[in-house]
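Take a look at the structure below.
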Amino acid sequence: MTRAFPQALHIVAGWDQAADLASDLVCATVRRKPGAVLGFATGRTATEIFPALIRKARLGRADFTQVRCFNLDEYIGLPPSHPNAYSNEMQRGLYDPMGLNPAQVFLFDGMASNPGHEAERCERALAAAGGIDLQLAGLGENGHIGFNEPGSPGDSRTRVVSLSATSRTANRRYFPAPGAVPARAITMGIGTILDARQIVMVALGAHKAAAVARMFNDPVGPATPATFLRGHGNVTIVLDHLAASALPESVLAAGQEPGA
Ligand code: GLP
């Protein structure tokens, strides 16, 4: 049966299973298209997936020597050497262990003197690369994707954004001090993300349950940016039981994995 949204839904037992599944999807894309363009989110969810991806790359499940990778977002004001800079996180957590060379990777410079131009540089690089084949996305507790906070239009492109209080609070746990969370970021826009040929959204944990339910139930619109995924046409959603716990039975029944 073809689903209206999402086109595939997997409700798995836990984080390891989610990482296994998401990394399998990335490998499948790269096997199909060795020069695939991959979009990667950062944050806790994504960094749980990366070790599985690195393991599979080392096992030869896919050859990543020709892929190109794009980061979804970046804090403004953090140098690339800062431990909380997404570029640093990606370099340490994925790109270095995978042995990718700098030419394969697009990273935002959070210290760019003109962040607006930095955002446009990303759009140009995406266009030159032929667009994203697979975008791995996480979900913010307020329904954001990337750093597209509530209020973000569906046709928004890569740009400078102010972070909401909710997002700054949610990300406070990654920083040494509350005041250290930057107030602004560069993010691919909703329209930029929707241009990806496939989107894999992974949301795990009870703290994501409300946002997951809203992604399915809220009217499609800027109030809940993740609802825009419902208009895409090739979205795979990977949830654990906790993140799926506020979904109606009808949705749950369709996504249950055997043994989960
Ligand atoms: C963060 C990042 C996103 C990420 C999402 C979920 O703030 N801007 O790229 O996908 O929100 O993050 P986490 O997996 O840490 O919950």
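Because the structure is predicted, anything quoted here is derived from the model rather than measured. Remember, it's 1-based here, ligands and their atoms both numbered in the order they're listed.
- Counting heavy atoms under 4.0 Å from ligand 1, residue L139 touches it through the backbone alone.
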> Do F228 and I193 pass the side chain to side chain contact (heavy atoms under 4.5 Å, CB included) test, and can you show the C-alpha distance, the side-chain angles, and the key distance before you say yes or no?
Replying inline: CA-CA 10 Å; F228 286 116; I193 294 167; over 6 Å; no

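- Using a 4.0 Å cut-off to heavy atoms of G43, the atoms of ligand 1 that qualify are 14 (O), 15 (O).
- Ranked by closest heavy atom to atom 3 (C) of ligand 1, the top entry among A41, G146, A137, G140 is G146.
- Side-chain contact annotation: S152 with R159, donor-acceptor N/O pair under 3.5 Å present.
- Looking at E89 and T42, their side chains never bring a donor and an acceptor atom within 3.5 Å of each other.
- Taking each of F40, Y75, Y86 in turn, the one with a heavy atom nearest to atom 2 (C) of ligand 1 proves to be Y86.
- The distance from ligand 1 to the heavy atoms of F147 drops below 4.0 Å at these ligand atoms: 7 (O), 8 (N).
- Contacts of D73 with ligand 1, taken as heavy-atom pairs under 4.0 Å, involve the side chain alone.
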> E118 and E74: side chain to side chain contact (heavy atoms under 4.5 Å, CB included), yes or no, with the steps?
Replying inline: CA-CA 11 Å; E118 185 64 1; E74 180 60 280; over 6 Å; no

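- Where the criterion is an N or O separation shorter than 3.5 Å, residue side chain and backbone included, Y174 meets it with respect to ligand 1.
- Shortest contact from atom 11 (O) of ligand 1 to any protein heavy atom: H144 NE2, 2.9 Å.
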>> Determine whether R197 and T29 satisfy the following criterion, side chain to side chain contact (heavy atoms under 4.5 Å, CB included), listing intermediate values before the conclusion.
In response: CA-CA 11 Å; R197 288 179 268 280; T29 296; over 6 Å; no

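- Atoms of ligand 1 found under 4.0 Å from any heavy atom of T45, numbered from 1 in the order shown, are 13 (P), 14 (O), 16 (O).
- Closest approach of T227 and R214 over heavy atoms only: CG2-O, 3.6 Å.
- Proximity of the aromatic rings of Y75 and Y174 is defined here by a centroid distance below 6.0 angstrom, and this criterion is not met.
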> Should D218 and R230 be marked as a salt bridge (charged side-chain N to carboxylate O under 4.0 Å, His left out) after you check the CA-CA gap, both sets of side-chain angles, and the distance that decides it?
Replying inline: CA-CA 11 Å; D218 281 4; R230 283 164 33 203; over 6 Å; no

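- Short contacts between ligand 1 and G138, defined as distances under 4.0 Å to a heavy atom of the residue, involve ligand atoms 10 (O).
- Counting protein heavy atoms only, atom 4 (C) of ligand 1 is closest to T42 O, 3.6 Å.
- Counting heavy atoms from C-beta outward, D24 and K56 have side chains that approach closer than 4.5 Å.
- In this structure, E141 does not count as a contact residue of ligand 1, since none of its heavy atoms falls inside 4.0 Å of the ligand.
- Distances shorter than 4.0 angstrom occur between a heavy atom of K208 and an atom of ligand 1.
- Of all protein heavy atoms, the one closest to atom 7 (O) of ligand 1 is N171 ND2, 3.0 Å.
- S167 does not count as a contact of ligand 1, since none of its heavy atoms falls under 4.0 Å from the ligand.
- Heavy-atom minimum distance, P225 versus N142: CD-O, 4.5 Å.
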